[in-house]
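Only one structure is covered here, and it is reproduced in the block below.
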Amino acid sequence: MRAGGPGEPVFAGSVPLRREFFDRPGPEVAPDLLGRVLVHGPVSVRITEVEAYGVPGEDPASHTYRGRTPRNAVMFGPPGHLYVYFTYGMHFCANIVCLPEGVGSGVLLRAGEVVSGAEVARARRTAGASRTVAARDLARGPARLAVALDFTREHDGLDVCPPAPADAPSTAGLPGPAGVLDGDPPGAGAIRSGPRTGVSSARETPWRFWIDGDPTVSPYRPHVPRRR
DNA sequence: CTCTCGATCAGCT
DNA sequence: GCTGATCGAGAGA
């Protein structure tokens with residue numbers, strides 16, 4: 001199946017995930033996202049590491065914990081859209097929204113393997129810097145992944161699901177610039193889980209999921225509160 | 001309004 | 001292993 005428009009890479013046998021896939025709690029969707037292929041224009045990434053964020057009021061680590069705000073509004077929208085946020089004064093990170101409109105849950109895309117458009121991704125990752133980036137590091141980490149796929153403020157709310165089958169003009173390709181292909185998910189035995197990274201609360205909640213042994217899984221340690 | 005610190009990363013020791 | 005960069009969301013006064 002074609003991944004993009006004419007001239008775009010083709011992933012044989014791959015079909016876009018439909019919106020119903022994301023109409024479940026983040027912690028349920030998260031492990032199922034591993035091995036899927038996220039496409040945005042010329043760059044595609046095979047997802048190798050994710051983190052789930054729960055519903056408002058129940059997950060203190062979630063941006064939606066205290067309810068809807070202008071920043072997190074997309075998280076309360078329909079499933080299958082990107083929630084892109086700015087953090088640390090310099091980085092963007094991207095989530096895929098889960099659960100129906102009105103409920104704020106999602107999955108943070110933490111790392112992946114660039115499977116097409118590596119040259120474009122590398123150019124983005126090295127722009128304005130005299131530095132080389134190894135292939136495995138192109139999308140190894142949530143902010144790096146956002147750069148590789150060119151997810152910024154303007155992509156907050158971007159739909160990554162195809163239209164309903166009845167509305168689809170054909171079964172070929174993605175309808176828009178972005179989408180998630182079913183790819184080749186790992187077996188349950190290859191999936192590991194543990195506490196979320198960079199999260200100071202709910203450390204006991206094992207909502208980080210990754211593909212065991214994959215070199216593109218991010219190397220970062222759990223966050224320690226900084227002092228001033 | 002002021003203040004804190006974050007779902008991070010790169011560069012350096 | 002440690003730290004600076006850089007800014008805006010959200011909490012509290």
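Computed over heavy atoms, backbone and side chain alike; hydrogens, waters and symmetry mates excluded. Residue numbering restarts at 1 for every chain, and letters A, B, ... go by the order of the sequence lines.
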Between [X] and [N], does any side-chain N or O lie under 4.0 Å from OP1 or OP2?
{"X": "A:Arg125", "N": "B:dA10", "answer": "yes"}
{"X": "A:His63", "N": "B:dA7", "answer": "yes"}
{"X": "A:Arg144", "N": "B:dA10", "answer": "yes"}

Subject >> No-H, no-angle donor-acceptor pair, A:Asn95 side chain to B:dA7 base, under 3.5 Å >> reply: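 Present.
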
Original post:
Side chains of A:Arg208 and A:Thr197: does their closest heavy-atom pair fall under 4.5 Å?
Top reply: yes

Original post:
How far does CG of A:Leu99 sit from CZ of A:Phe22, to the nearest 0.5 angstrom?
Top reply: 12.0 Å

With a cut-off of 3.5 Å and sequence neighbours excluded, list every side-chain donor-acceptor pair involving residues 73-85 of chain A.
from, atom 1, to, atom 2, distance (Å)
A:His81, ND1, A:Gly157, O, 2.9
A:Tyr83, OH, A:His63, ND1, 2.8

Original post:
Is the gap between the ring centers of A:Phe92 and A:Phe151 under 6.0 Å?
Top reply: no

**OP:** Under 3.5 Å for both distances, Watson-Crick or G-U wobble, that's the pair rule; now give the dot-bracket for DNA chain C, with | marking pairs to another strand and [ ] for crossing ones.
**Re:** |||||.||||||.

Original post:
Do we see A:Tyr53 stacking on the base of B:dA7, given a limit of 5.5 Å between centres and 30° between planes?
Top reply: yes

Original post:
So which of A:Arg136, A:Arg46, A:Arg192, A:Arg110 actually passes salt bridge (charged side-chain N to carboxylate O under 4.0 Å, His left out) with A:Asp214?
Top reply: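 Among the candidates, only A:Arg46 passes.
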
Original post:
Taking the side chain of A:Arg71 as its heavy atoms from C-beta onward, which of B:dA10, C:dG10, B:dT8 lies nearest to it?
Top reply: C:dG10

**OP:** Tell me what A:Ala61 touches on the nucleic acid: a base, only sugar-phosphate, or nothing, going by heavy atoms under 4.0 Å.
**Re:**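 Base contact.
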
